[in-house]
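First the structure, in the form of C-alpha cells, and then the observations on it.
Scope of the values below: all heavy atoms of this structure, side chains included, with no hydrogens, waters or symmetry mates. Chain A is the first sequence line, chain B the second, and so forth, proteins listed ahead of strands; every chain is numbered from 1.
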Amino acid sequence: MSENILTIEKPRLEAINLTKRYRDGVLALDNISFSVQPGEIFVMLGGNGAGKTTTINLFLNFIEPTEGEARIDGIITHKDPLAAKERVSFVSENVMLYGDFTAVQNLDYFSRIGGQSEYTKDDYRDALLRVNLAEEAHHKKLRGFSKGMRQKCGIAIAILKGAPAILLDEPTSGLDPKAGHDFIHLLKSLQKEGKSILMSTHDIFRAKAIADTIAIMNNGRIIMLKKSSELAGCNLEELYMQYMTGHDGQRLAG
Amino acid sequence: MLITLIEKELKAILQSPKFVATFAVCSLLMLLSVFIGIKEFQAQQKQYDVAVSLSEQGIQESTSWRGMSYKAYRKPDPMQIFVSGLTNDIGRWSHISQESSVKLRNSVYSDDPIFSVFRFIDFAFIVQVVLSLFAILFTYDAICGERENGTLKLLFSNAIKRSHYIIAKCVGSWLGLVVPIMIPILLSVLMVIAFGISLEGSDWLKLFGLMSMSIFLFTFFIVLGVFISSLTRRSNISFLFALVIWVTFVLIIPRAGVMAAGQILPVPRVAEIEGQRDAFAKDKWAIFNEKSMARWDSYNQNTSEDSDSSCGSNFVFDENELWEHMQKEDSARKIVEREIEAYETRLQEDLQQRKSGQERLAFSLSRFSPSSAYQLAAMTLAGTDINLKSRNIEVMNNYRTQFNNYVDNKISETNDLSGVFMIEISSDDGVKMNNKRDEQTIDASDMPKYIPAKSSMRQSIDALIIDGGLLGLFIILAFAGAFLRMQKYDVR
C-alpha cells in the first residue's frame with residue numbers, strides 16, 4: 001500500500017500507522033497511513049463501522065490513538081491539539097448549530113471561536129451567499145432550517161475559519177440532489193483556493209466526482225487507495241463491491 | 001475566547017423562549033409572595049399596636065396592685081415578609097403576672113388552622129423550591145445537550161480549552177439567570193419601601209445577607225445542573241438525574257435529617273417527664289410518710305411516758321413538744337419538696353440538653369443539603385428561626401421578674417390592701433366589710449416597659465458564616481466536579 005501514498009513533501013494531513021482500539025477491545029482503526037496534500041481532495045469511502053469517522057475524530061483529537069499519530073501541518077494532534085485545531089475546519093454529518101441563533105449569529109460566534117474576530121456583517125453575508133443560502137434566511141433562527149440549509153451554514157463557518165485543511169464527515173448524507181450538486185461545486189472552489197479536504201462518505205458517485213484520491217475502508221483498514229486518475233474508466237461501484245466482499249481486499253491489504 | 005464563550009451562554013439563555021416564560025412566572029411569584037408578606041405583616045403590626053395599647057390601657061385602669069397582670073406581645077418583625085419561618089407557629093402573647101408563668105398563646109396557625117395545611121409561600125420558599133428548580137431546568141442539558149445537538153463536536157474542533165468551556169458554561173449561565181432574577185428581587189425590596197415598612201439599619205444588613213444567601217443557593221443549583229450535565233451523555237437521563245438530586249436536596253434530606261436525629265438521640269415526651277417526676281415524688285412521699293408515721297409513733301410513745309412520770313403541767317408540756325415536733329415535720333416535708341423540685345429541675349435541664357443535642361444533630365445532618373443550609377440561614381437572618389420561641393420566652397421571663405419586683409415594691413410602698421376583704425367587728429359599730437375595690441386607679445406610669453425580643457446581629461452573622469460558608473463549599477465542590485469531568489468528557 002505504501003507505494004500508493006503520495007510522496008510530496010510536507011503533506012497537510014497525515015495519518016501515520018494510525019490505530020485505535022477502544023476499551024471494550026473493538027479495533028476501530030488498524031494501522032492506517034495516508035497523507036493529503038495542499039489542494040487535494042481525499043475521500044474515505046466505506047460502509048458503517050469502516051473507521052472513517054474514527055479517523056476524523058483522531059485528526060480532531062476527540063479521541064487519542066492507541067498507536068501511531070495523526071498530523072496536521074506536521075503537528076501531532078494528540079500532543080498539541082490546540083495548535084493542530086487552529087489549522088483545520090470541520091463539518092459534521094448533521095450540522096445542528098444553535099437553533100435560537102440566526103445564521104449570522106451562528107457564523108459570528110463560530111468565527112470568533114475559530115480565532116477570526118475581525119469579520120463584518122458583510123463578510124458573513126458574502127460567506128452565506130457563497131454557499132447559496134438565500135439572503136432572506138440570513139437573519140432567521142436556525143430552528144426552522146432544513147438539513148441542507150444547516151449544512152450550508154456549517155460550510156460557511158468552515159470557510160470563514162480560513163483554516164488550510166477541512167475535514168468533512170458524511171457531509172452529503174441526506175441532502176437533496178440540488179443541494180448535493182451545489183455542495184460538490186463548493187468543494188471544488190475550495191480546492192482551487194489550496195484547501196486540503198479530507199472527506200468521509202458512502203456516496204460512491206459523489207466520491208468519484210470530486211476526489212483526487214479515494215481510499216476504500218473496511219473494518220478499520222484501508223483496503224484500496226488510488227488516485228482518481230488510476231480509476232478513470234473504472235466502474236467504481238463494482239470495484240467497491242469487489243473490495244467490500246473481500247475479493248481484492250485481501251490482496252491489497254496484505 | 002473566554003468572553004466569547006460567556007457571551008454565547010448569556011445570549012443562548014436570554015434568547016430561549018423558555019427563559020421568558022420561566023422568568024415571568026418566577027418574577028410574578030416572587031413579587032406576589034412579598035406583596036402578601038407585606039399585607040400580612042401590616043395586619044399583624046396593626047393587631048400588635050392595638051393589643052399593646054389595650055394592654056397598657058388595662059394597666060392604667062387598674063385599681064389595685066394586687067393580682068395585677070400585663071399582656072406582653074411578640075412584636076412582628078419586618079423580615080418575616082421575606083421569611084415567615086416559625087413566626088406563624090408560635091404564640092403571639094403571654095400573661096405577665098405573679099400568678100402564672102410565661103406561656104406563649106394563640107399562634108396564627110392555631111387560630112386559623114387552614115393556613116397551616118399548606119403554609120404560606122414566602123420569598124425563601126420561592127428561592128428554595130422554585131428558583132432552584134428554575135436553575136436546574138436551564139442547566140441540566142448544558143453539556144450533554146450540546147453533545148446531542150452536535151454543537152459540542154463543532155465547538156471542540158476549534159482551539160478551545162476545556163477549562164475555558166466549563167468556566168464559560170458556569171459563568172454564562174450564572175449571568176444569564178442571576179442578573180435577570182435580581183430585577184424581581186430588587187423590585188421586592190422597593191415594594192417594601194413603597195408600602196412604608198420601616199426597616200432599621202440592622203434589618204437592611206439582614207436583608208442584604210438574605211439576598212446574598214439566595215444568590216448563593218441559586219448559584220449552587222446552576223453549577224450543580226452543569227455538573228450533572230457533564231456526568232451523562234443524554235439530556236433525558238440528565239434531566240431525571242437532576243430531578244432526583246433536586247428532590248433529595250430540597251425535600252428528602254431536610255426531613256430525613258430531623259427524623260434521623262429523632263431516632264439517634266431520642267428526647268422523652270412531656271408526658272414521660274411528668275411521669276418520671278410523679279414516680280419520683282410518689283416514692284419520696286411514701287418514704288416521708290413512713291418516716292413521719294415512725295416519728296409520730298415515737299413522739300406519742302415519748303409523750304405518754306412523760307405524762308405517766310410527771311403530773312400537773314402536762315398540757316403546757318405537750319403543746320410545746322407538739323409544736324416542736326410539727327416544726328420538724330414541716331422541715332422534713334420542705335426537704336422532700338425541695339428534693340422533688342430539684343429532681344424536676346434536673347429532668348427539665350436534661351430534657352433541654354437532649355433537645356439541644358437533638359436539634360444540633362438534626363441541623364447538622366440536614367445541612368448536607370444546601371437547601372437546608374439556606375433555609376436555616378434565612379430563618380436566622382429573618383429572626384423566625386427555631387430560637388424564636390425561647391428568645392421571646394426568655395425576654396418575657398426577664399420582664400416578668402422586673403414586673404413582679406415592681407408590683408411587690410408598690411404593694412409594700414402603698415400598703416395596698418385592695419382586693420382583700422376586710423371584716424371589722426366592733427362593739428360600737430357591729431360588723432363592717434370593706435374590699436376597697438371602688439377606689440381610684442393606681443399610678444403605674446413608672447412601670448418598667450416591656451421591650452419585645454429581637455434577634456441579634458451576632459446570630460445573623462454566625463448564620464452567614466456557617467451556612468454561607470457551607471453553600472460556598474457546595475458551589476466549589478459542584479464546580480470542581482464539573483471541571484474535572486469536563487476534562488475527560490467524550491464530545492463525540
Side-chain angles (χ1 to χ4, degrees), chain A residues 22-23 28 53-54 56-64 72 75 77 80-102 105-106 108-117 141-143 147 150-151 153-154 157-158 160-161 163 165-169, chain B residues 1-23 137-139 141-169 172-173 176-177 230 233-235 486-492:
Chain A
Y22 289 110
R23 278 186 204 160
T53 303
T54 303
I56 288 177
N57 285 340
L58 284 162
F59 271 101
L60 291 168
N61 193 47
F62 291 160
I63 47 175
E64 289 201 1
I72 301 172
I75 299 164
T77 56
D80 193 356
L82 295 183
K85 285 176 186 182
E86 281 173 3
R87 291 160 170 81
V88 69
S89 298
F90 170 62
V91 180
S92 65
E93 178 186 357
N94 197 2
V95 176
M96 288 301 292
L97 305 177
Y98 295 104
D100 289 326
F101 286 10
T102 64
Q105 281 175 328
N106 268 293
D108 178 50
Y109 173 61
F110 282 104
S111 297
R112 287 198 281 153
I113 287 296
Q116 306 288 354
S117 51
K141 286 188 176 182
L142 251 78
R143 196 173 289 282
K147 184 177 176 181
R150 289 201 309 270
Q151 207 74 356
C153 288
I157 287 168
L160 285 169
K161 187 173 177 182
I166 301 174
L167 306 181
L168 302 130
D169 189 10
Chain B
M1 184 72 75
L2 186 62
I3 302 289
T4 307
L5 288 166
I6 292 171
E7 271 178 20
K8 178 254 148 188
E9 292 303 326
L10 199 57
K11 261 191 213 167
I13 287 175
L14 298 179
Q15 288 186 9
S16 84
K18 71 176 175 183
F19 174 78
V20 179
T22 324
F23 173 70
L137 282 176
F138 271 86
T139 51
D141 62 348
I143 294 165
C144 58
E146 284 224 48
R147 190 202 70 80
E148 280 179 323
N149 285 345
T151 46
L152 200 59
K153 234 176 146 178
L154 183 58
L155 206 62
F156 280 105
S157 68
N158 292 290
I160 293 174
K161 287 182 182 167
R162 291 185 178 221
S163 54
H164 281 184
Y165 177 75
I166 197 73
I167 290 169
K169 272 282 167 199
S173 305
L177 296 172
S230 73
R233 292 177 58 74
R234 292 188 178 280
S235 54
M486 193 60 219
Q487 302 309 312
K488 295 282 172 196
Y489 193 80
D490 186 354
V491 300
R492 291 172 299 153

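Interface remark: of the candidates A:Phe62, A:Phe90, A:Phe110, A:Phe59, A:Phe62 forms the most heavy-atom pairs closer than 4.5 Å to chain B.
Residue contact with chain B, scored on non-hydrogen atoms closer than 4.5 Å, involves the side chain of A:Ile63 exclusively. Interface remark: A:Glu93 contributes no atoms to any contact with chain B (heavy atom separation under 4.5 Å).
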*Does the pair A:Tyr98 and A:Lys141 meet the rule for a side chain to side chain contact (heavy atoms under 4.5 Å, CB included), with working shown?*
CA-CA 8 Å; A:Tyr98 295 104; A:Lys141 286 188 176 182; over 6 Å; no
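A donor and an acceptor atom, one from each side chain of B:Glu148 and B:Ser235, are located under 3.5 Å apart. Donor-acceptor pairing under 3.5 Å is recorded for the side chains of A:Thr53 and A:Asp169.
Checked against B:Lys169 for a side-chain contact (heavy atoms from CB on, under 4.5 Å), the options B:His164, B:Glu146, B:Met486 give a single hit: B:Glu146.
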